[in-house]
Number of protein chains: 2
Amino acid sequence: MDQPRGTRVRGTRQASAVAAALTSLPGFCSAQEIHAELRRRGEAVGLTTVYRHLQVLSEQGAVDTIRDPSGEILYRQCGSTAHHHHLTCRVCGRSVEVEGRVVEQWAEKVAAEAGFTSVDHTVELFGLCPDHSA
Amino acid sequence: MDQPRGTRVRGTRQASAVAAALTSLPGFCSAQEIHAELRRRGEAVGLTTVYRHLQVLSEQGAVDTIRDPSGEILYRQCGSTAHHHHLTCRVCGRSVEVEGRVVEQWAEKVAAEAGFTSVDHTVELFGLCPDHSA
DNA sequence: CTCATAATGATAATCGTTTCTATTATCAGT
DNA sequence: ACTGATAATAGAAACGATTATCATTATGAG
């Protein structure tokens with residue numbers, strides 16, 4: 001846990017660049033999209049590095065991750081640190097945070113009834129946002 | 001939709017073998033596990049063929065599929081053809097079908113409020129079954 | 001039985017993600 | 001400021017699940 005005196009996490013241009021990209025992008029995007037976005041901006045950051053920062057950020061709870069239907073992982077900087085779910089547009093990735101007291105309670109009840117413990121749940125909603133509805 | 005006279009889906013040893021494996025396996029398992037299980041039984045079926053049958057079966061609604069936390073697709077023959085969700089053991093894959101009227105209603109309500117359409121939802125519960133609880 | 005053709009399966013290709021590792025850059029202690 | 005220990009980087013190669021290719025095999029309608 002504690003650092004061995006004199007060593008610490010270092011601040012780098014790449015770390016800031018990834019964080020900045022996440023802040024500016026409005027919806028969920030894949031690691032590869034973020035990498036492409038950075039190149040577009042002229043910020044040279046290796047794909048590996050993008051993956052590493054996204055992983056760290058998500059472990060810290062600084063970004064939320066979901067899996068799109070094809071299994072790809074999408075990242076997004078989120079407002080609330082509280083537990084919540086997402087309703088995401090299949091076309092543009094824009095997403096709305098939805099809070100799911102109801103779902104949590106349901107999950108706990110169902111798990112208890114079946115005698116399961118350490119229950120974790122994934123709940124994702126995908127649809128078409130107002131701009132992309134037929 | 002209709003077949004061009006004289007051609008039809010053929011029944012094969014492999015198709016039966018995959019179906020039989022699914023019937024006998026109690027929990028969710030990956031395509032590769034099913035393939036391994038078949039070899040164990042002495043039924044030689046190509047991995048490609050296993051994937052193909054699982055895909056077809058899931059399109060027909062004969063089996064349910066979920067994604068485990070690592071992104072792998074797991075398959076399972078399910079009792080009810082009605083819409084339902086799963087509470088699956090992280091250790092053994094054994095799973096309980098849970099019906100989620102509550103969740104469906106919640107999803108629809110949330111989607112409507114946000115102006116989203118064509119909303120699809122994925123809800124999966126993973127935990128430890130009674131046999132594998134600490 | 002025959003034969004058109006559906007099904008198979010070994011191999012190669014895909015694709016997102018992770019590991020490897022030599023190189024570069026950061027920053028604590030001078 | 002300087003510098004050196006070492007954290008961070010990034011390209012390339014590895015990885016693992018899945019899908020495509022395509023020559024071969026086997027089904028079942030006639």
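Keep in mind it's a predicted model, so treat the numbers as computed, not measured. Residue numbers begin at 1 in each chain, while the letters A, B, ... track the order of the sequences. Note: hydrogens, waters and symmetry copies are ignored here, and every other heavy atom, side chains too, is used.
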Undergrad: So does B:Gln14 get a side-chain nitrogen or oxygen closer than 4.0 Å to the phosphate oxygens (OP1/OP2) of C:dA7?
TA: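 No, no such contact exists.
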
Undergrad: Could you state the atom-to-atom distance from CZ of B:Arg67 to C1' of C:dG16 in whole Å?
TA: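 Rounded to whole Å, this separation is 11 Å.
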
Undergrad: What's A:Gly71 touching, base or sugar-phosphate or nothing? Going by heavy atoms closer than 4.0 Å.
TA: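 The residue A:Gly71 makes no contact with any strand.
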
Undergrad: Choose from C:dA25, C:dA7, C:dT17 the nucleotide whose nearest atom is closest to any side-chain atom of B:Arg10.
TA: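 For the B:Arg10 side chain, the nearest candidate turns out to be C:dA7.
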
Undergrad: Counting the atoms with a prime plus P, OP1 and OP2 as sugar-phosphate, which does B:Gln55 contact under 4.0 Å by heavy atoms, base, sugar-phosphate, or nothing?
TA: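 Sugar-phosphate, no base atom in range.
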
Undergrad: Rounded to whole angstroms, how far apart are CG on B:Asp68 and C1' on D:dA17?
TA: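 Result: 11 Å.
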
Undergrad: What is the distance from CG of A:Leu47 to C1' of D:dA8, rounded to the nearest Å?
TA: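 A:Leu47 atom CG is separated from D:dA8 atom C1' by 16 Å.
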
Undergrad: With sugar-phosphate meaning primed atoms plus P, OP1 and OP2, does A:His53 contact a base, only sugar-phosphate, or nothing at under 4.0 Å between heavy atoms?
TA: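 It contacts sugar-phosphate atoms only.
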
Undergrad: Does D:dT27 have its OP1 or OP2 closer than 4.0 Å to a side-chain nitrogen or oxygen of B:Thr12?
TA: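 No, B:Thr12 has no side-chain N/O under 4.0 Å of OP1/OP2 on D:dT27.
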
Undergrad: Indicate whether any N or O donor in one side chain lies under 3.5 Å from an N or O acceptor in the other, for B:Glu108 and B:His121.
TA: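 No, because no side-chain N or O of B:Glu108 sits under 3.5 Å from a partner of the opposite role on B:His121.
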
Undergrad: So B:Arg52, base contact, sugar-phosphate only, or nothing? Heavy-atom distance under 4.0 Å.
TA: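 It contacts base atoms.
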
Undergrad: Assign each of A:Arg13 and B:Tyr51 to its nearest nucleotide of DNA chain D by heavy atoms, then name whichever residue's nucleotide is nearer the 5' end.
TA: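 Upstream on the strand: A:Arg13.
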
Undergrad: Measuring to OP1 and OP2 of D:dG11, would you say a side-chain N or O of A:Thr48 lies under 4.0 angstrom away?
TA: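 False: A:Thr48 side-chain N/O out of range (4.0 Å or more) of D:dG11 OP1/OP2.
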
Undergrad: Taking atom P of D:dG16 as reference, at what distance in whole Å does atom CD of B:Glu33 sit?
TA: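 About 15 Å, once rounded to whole Å.
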
Undergrad: Whole Å only: how far is the CG atom of A:Leu54 from the C1' atom of D:dA8?
TA: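 It works out to 15 Å between those atoms.
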
Undergrad: Is the shortest side-chain N to carboxylate O distance from A:Glu37 to A:Arg40 below 4.0 Å?
TA: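 Result for this pair is yes, salt bridge flagged.
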
Undergrad: Counting heavy atoms from C-beta on, name the nucleotide in D:dG28, D:dT18, D:dA5 closest to the side chain of B:Ala31.
TA: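 For the B:Ala31 side chain, the nearest candidate turns out to be D:dT18.
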
Undergrad: Between D:dT9, D:dA17, D:dA12, which one does the side chain of B:Glu72 approach most closely?
TA: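 Among the listed nucleotides, the one closest to the side chain of B:Glu72 is D:dA17.
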
Undergrad: Can you name the one residue among B:Leu125, B:Leu128, B:Thr88 that meets side-chain contact (heavy atoms from CB on, under 4.5 Å) with A:Val119?
TA: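 Filter result, single survivor: B:Leu125.
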
Undergrad: Would you kindly say whether B:Ser133 and A:Thr117 are connected by a side-chain donor-acceptor distance under 3.5 Å?
TA: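 The criterion, which ignores hydrogens and geometry beyond distance, is satisfied for A:Thr117 and B:Ser133.
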
Undergrad: Hey, which sits more toward the 5' end of DNA chain D by its nearest nucleotide, B:Gly11 or B:Gln32?
TA: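 Looking at DNA chain D, the more 5' nearest nucleotide goes with B:Gln32.
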
Undergrad: Going by atom types alone, do A:Thr23 and A:Gln77 pair a side-chain donor with an acceptor below 3.5 Å?
TA: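 Yes.
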
